[in-house]
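Take a look at the structure set out below.
Computation of the quantities below employed the complete heavy-atom set of this structure, encompassing side-chain atoms and omitting hydrogens, waters and symmetry-equivalent molecules.
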Amino acid sequence: MRRPSSVRQSVFATFTLATLASAWWGCSTGPDQPSTTGTSQSASSATGSTGGAGGMGTGGMDVMIDGGGGSVEEAGACTSVSAAAHPIDLDIIFLIDQSGSMTGPKWIGTSAALKAFFTDPASANIGVGMSLFPNHKVSKCITADYETLNVPILTLPQNTFALTNSIPADATLYGTPTFGALQGTLLAATSYQDAHPSHKVIVILATDGDPNSCGIKSIYDIAALAKSARSYNGVLTYVIGVEGSFIPNLNVIAYAGGTTAAYDITTDINQLSAKMAEIRKVSLGCDFAIPPPPDGKDLDPGKVNVSYTPKGMGAPATLPRADDLLDCGGKPGWYYDNNFTPTKIVLCPESCTTVKADISAKVSALFGCTSVAN
């Protein structure tokens, strides 16, 4: 396991939301970004193996998370008492480009995909909110104007009518103020995540163009927003590139937001519905809340191990701990949603795929022993 980066050691772990907002203005992505040239990676292949089916997502597997600090026997083995954990709730904020270039077939396809997602039974019990950009104001880049979502987060199907009713008949507004819109939306997302620490909050940005309305802000300035939200409290940013967008630029934002690469639908707007469903599947993957340790003990994030027992029988295999999703490196393992104030254990894509395919799987976490690093 690599040592935590300077980003994960930053003051974001203790900043209030107001402080975070001011800190974002001066943040840059630095070397933690891919190049905007060359061949882009397919997001569907890069992230598609992470999740399982819709709903709560655990199938029949027996998931056990240890509830107390371990003790050491004479032989040196750690022992602990396990307690059942439950999959976390998912909340999604859609940030949809409604600039004039989205008019016609692209807007028809976007509207149809959103409505299909909102009414899909697989979306039931997911919290969903939505923001549209640009807005109707004279100055379209003001961050605070996007902090209040067009439709606040509520669970589906309770929120279905409000969401579908908020979709305009056509995209007719001017400009692509991605910086201001994404910054405000991410502030709303991180605030909601702070208020609901046992949930998983993500943002899905769908756009057909490069930013052109917020002064000299570059694609790396925009990516810095996604990186800051991810580092602060784990909010991920997914990006979908509609016809007209430059996918290598959108890859920079997605990479910074912790989702590896943008979803490329530049050749067919009708793929939008499938990509939204794929993101839902990925996000309803192997994320589990960490129950509070019993007896008033404090959680020591460096002394947690996670094991997987195939079919719930035999000897368990200890999974190595990674720093984050990118550190998984295509290998089995797990990581925290936040390395300093963790609330969730997340299985790496390789382990998640294995566990999802094993309906009798037993996943356990034992507290009290130094984590086995990858």
Side-chain angles (χ1 to χ4, degrees), residues 1-15 50 58 61-88 193-194 197-200 230-234 236 258 285-310 312 314-352 354-355 361-374:
M1 180 175 68
R2 300 194 310 270
R3 303 292 293 179
S5 70
S6 59
V7 172
R8 285 186 291 272
Q9 293 173 327
S10 73
V11 290
F12 282 113
T14 56
F15 268 11
T50 307
T58 58
M61 69 178 174
D62 179 18
V63 181
M64 304 296 292
I65 302 295
D66 174 74
S71 61
V72 181
E73 299 176 339
E74 291 183 3
C78 289
T79 61
S80 58
V81 178
S82 296
H86 303 284
I88 63 173
Q193 181 71 80
D194 279 342
S198 64
H199 290 210
K200 178 179 183 178
R230 170 172 61 91
S231 299
Y232 172 62
N233 62 4
L236 301 180
C286 298
D287 294 48
F288 305 100
I290 305 173
D295 304 324
K297 295 181 179 178
D298 294 328
L299 170 67
D300 184 345
K303 293 187 176 181
V304 176
N305 282 288
V306 176
S307 66
Y308 160 60
T309 305
T318 299
L319 302 175
R321 177 183 163 189
D323 285 339
D324 50 32
L325 174 61
L326 297 177
D327 191 35
C328 288
K331 299 178 181 179
W334 65 278
Y335 58 96
Y336 287 121
D337 61 320
N338 184 299
N339 285 321
F340 298 101
T341 55
T343 60
K344 309 176 188 73
I345 284 176
V346 186
L347 297 186
C348 289
E350 182 70 20
S351 295
C352 186
T354 300
V355 169
K362 181 178 180 180
V363 177
S364 303
L366 306 176
F367 294 176
C369 302
T370 302
S371 302
V372 176
N374 67 357

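- Going from atom CG of Asp287 over to atom OG of Ser198 covers 12.0 Å, rounded to the nearest 0.5 Å.
- A distance of 9.5 Å separates CD1 in Ile345 from CG in Asn305, rounded to the nearest 0.5 Å.
- In terms of modelled atom types and a separation under 3.5 Å, the side chain of Lys344 and the main chain of His199 share a donor-acceptor contact.
- Judged by distance alone, the side chains of Thr343 and Asn338 never bring a donor and an acceptor atom under 3.5 Å apart.
- Partners of Tyr308 under the ring pair (Phe, Tyr, Trp, His ring centres under 6.0 Å) rule, at least two apart in sequence or in another chain, do not exist in this structure.
- Take Pro320 and apply the side chain to side chain contact (heavy atoms under 4.5 Å, CB included) test, not counting sequence neighbours, and it matches Asn374.
- Rounded to the nearest 0.5 angstrom, Cys328 SG and Arg321 CZ are separated by 11.5 Å.
- Atom-to-atom distance recorded for Ser371:OG and Leu319:CG is 12.0 Å, nearest 0.5 angstrom.
- Nearest approach of Ser351 to Gly333, heavy atoms of both residues: OG-N, 2.8 Å.
- To the nearest 0.5 Å, atoms CG (Leu325) and CZ (Arg230) are separated by 9.0 Å.
- Here NZ of Lys200 is found 6.0 Å from CG of Leu236. Values are rounded to the nearest 0.5 Å.
- Taking both residues in full, the closest heavy atoms of Ala322 and Tyr335 are given as O-CB, 3.4 Å, listed atom of the first, atom of the second, then distance.
- When all heavy atoms of Ile88 and Phe288 are compared, the closest pair comes out as CG2-C, 4.0 Å.
- When all heavy atoms are compared, the tightest approach of Leu299 to Pro342 is CD2-CG, 4.0 Å.
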